[in-house]
Amino acid sequence: MSDLSPKVLNREVDRRRTFAIISHPDAGKTTLTEKLLLYGGAIHLAGSVKSRRAAKHAISDWMELEQQRGISITSSVLQFPYKNYQVNLLDTPGHADFSEDTYRTLAAADSAVMLIDVAKGVEPQTEKLFKVCRMRKLPIFTFVNKMDREGRNPLELLEEVENLLKIKSYPVNWPIGMGKTFRGVYDRTKGKVLLFDSEGTHGEARVKVEEIDLDSQRLRDLLGPNRYAEVVEEIELLEIAGDEFSLEQVRAGELTPVFFGSAMTNFGVEPFLEHFVELAPSPAELSDLQVDPKSLDFSGFVFKIQANMNPAHRDRLAFVRIMSGRFEKDMQAKLVREKRNIKLAYPQSMMANDRDTVMQAYAGDIIGLYDPGTFRIGDTICTGGDVAFTGIPRFSPEHFAVVEIKDALKRKQLTKGLDQLSEEGAIQVFRNPFLGDMDAVVGAVGMLQFEVLKFRLENEYNVKIQLRNLPFQHARWVEGEFDQAKFDRQDYTKVLIDRDGLPMLLFRNDWALSYCRTNYPDLEFLPNPPGTPGLEELHGKFEF
Ligand code: G4P
């Protein structure tokens, strides 16, 4: 391993910006991602993501099912340079059923960009994801998208953000016009209007930007007297009545810098990116540091495991967020859970532009390691002294079903598929101690996970299954001595064992759970396996 000087490490950590985009489906996340890549120089002509998506090959949407349904289920990671910064963009799944996966992804991010459709404002999924960011006190940036369409009044929209999400806002820029007349933004830091000109490129290439004065005749002519007067009045109002900018409050997640633009036409994308890299924290500037990112010792945690991303290889990747030091391909590090050293084999880079394997990565970066079954979500790997990162909670499943196989000869593939998908955290698998290994019960946080399970078992493991839904709503792990047979005889509970052989109970409803709590005061009923933190243990009470 080559020597690592503190100077190099400091420089590399300081220039990392690792963030996720959160939004309601259709707000334009895929489009914005693509445009950020365009401005980062990672792709040269926008439209490639779109056209690849059309060809069922989106850069950030790997899975066929996602493409069929037009939703983003898995999370991917894209890295691109911008100016002197190295930007890591984590893609979060947009569907509500995947909140657990989304949560894990956000645990690997240092800030979030909240994307809002100007016509729709704060939508339900935006709100949920926002709350998750809030729990982690992540700095949140707001990008109001689709300004090329007529939408809500920007001031009204900011009010909605503030009232609904209980966060202060500071528009870093202000839209000049809207819909067909959306021509640019007023940059409050520069005190200049940035006029955009797409020159008929339809958003495929970078737009031309020209800086002009707010009181220039040209702007008056462009907007016409009414709209011009409106814009000037709004900007004046912001200066007088708006919140003051405070980097400290941004970093504490109390104030969101707001940007306006149109991902489709590229208007406002670069002004956003320029300010974002300056204002977003580096890994060393987070408020809840668990290790010093500039420590020469390497450490990181597994936040996601994903199998079969490339059907040609059928391999499995563990996604690791590097928390400190430098990663080098094939280095040795300790897997803390098993107290043993392992070699960290780094697969092909996950860069957007399919570059060659990168040999080194630094705190803030995400790496994908080949995983022959070594890792579990939440695992810490490190050199130097042991660290154990907290931050990846488990969600208790709320939907349960018995897996029924159509072709009994495929049982071996089924077991393999279920094992691997449960290791990924895509699903939880339980067995019934009274029936032996024959009937697996699966548990999920959302029903859509069941569809994904079926689809993936069929496509990746060649096993067709049926799922017979079970009428239970809660899973609880039991601490204390209890008579399993007795619980299993009652029809409002069912005893199962989890993949580690720990006993747990399914409850039909709230009543059944509280009945057992009252009648078995010596037993503890935990929403997650003992020692595994749930959301509330990590962050206090939380409501979706
Ligand atoms: P998502 O990943 O958040 O779900 O959104 P995505 O980028 O796929 O965008 C959803 C729709 O909104 C797409 O239209 C996209 O073209 C459009 N869109 C994104 N950004 C803008 C914008 O700035 N302005 C306008 N006017 N539209 C925008 P679609 O009709 O569903 O798909 P397509 O046929 O355009 O590909």
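When a ligand or atom number is given, it counts from 1 through the structure's own listing order. Only this structure's heavy atoms are used, side chains among them; waters, hydrogens and symmetry mates stay out.
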Notebook entry, point to check: Is there any N or O on G28 that sits under 3.5 Å from an N or O of ligand 1?
Noted result: yes
Notebook entry, point to check: Got a sec: does the CD of Q217 have more than 12 other heavy atoms crowding it under 6.0 Å?
Noted result: yes
Check: Can an N or O of L32 be found at a distance shorter than 3.5 Å from an N or O of ligand 1?
Finding: no
Note to self: Whether E424 and R316 form a salt bridge (side-chain N of Lys/Arg under 4.0 Å from carboxylate O of Asp/Glu) is what I want to check.
What the structure shows: no
Check: Side chains of L317 and L369: closer than 4.5 Å at any heavy-atom pair?
Finding: no
Checklist line | Per-atom contacts, ligand 1 versus K29 - under 4.0 Å to a heavy atom | finding: 1 (P), 2 (O), 3 (O), 5 (O), 7 (O)
Margin query: Regarding H275 and D187, do their side chains bring together a donor and an acceptor under 3.5 Å, going by distance alone?
Written below: yes
Check: Which ligand 1 atoms, with their elements, are less than 4.0 angstrom from a heavy-atom of R149?
Finding: 26 (N), 27 (N)
Next item on the list: Could you tell me which atoms of ligand 1, counted from 1 in the order shown, lie closer than 4.0 angstrom to a heavy atom of D26?
Entry: 1 (P), 3 (O), 4 (O), 5 (O), 10 (C), 12 (O)
Next item on the list: Would you please indicate yes or no on a ring centroid separation below 6.0 angstrom for F259 and F143?
Entry: no
Note to self: Polar contacts were defined as any N/O atom of the residue lying under 3.5 Å from an N/O atom of the ligand; does this apply to P25 and ligand 1?
What the structure shows: no
Note to self: Any nitrogen or oxygen of S262 lying under 3.5 Å from a nitrogen or oxygen in ligand 1? Just yes or no.
What the structure shows: yes
Item checked: Proximity of F276 and F19 rings by center, below 6.0 Å -> yes
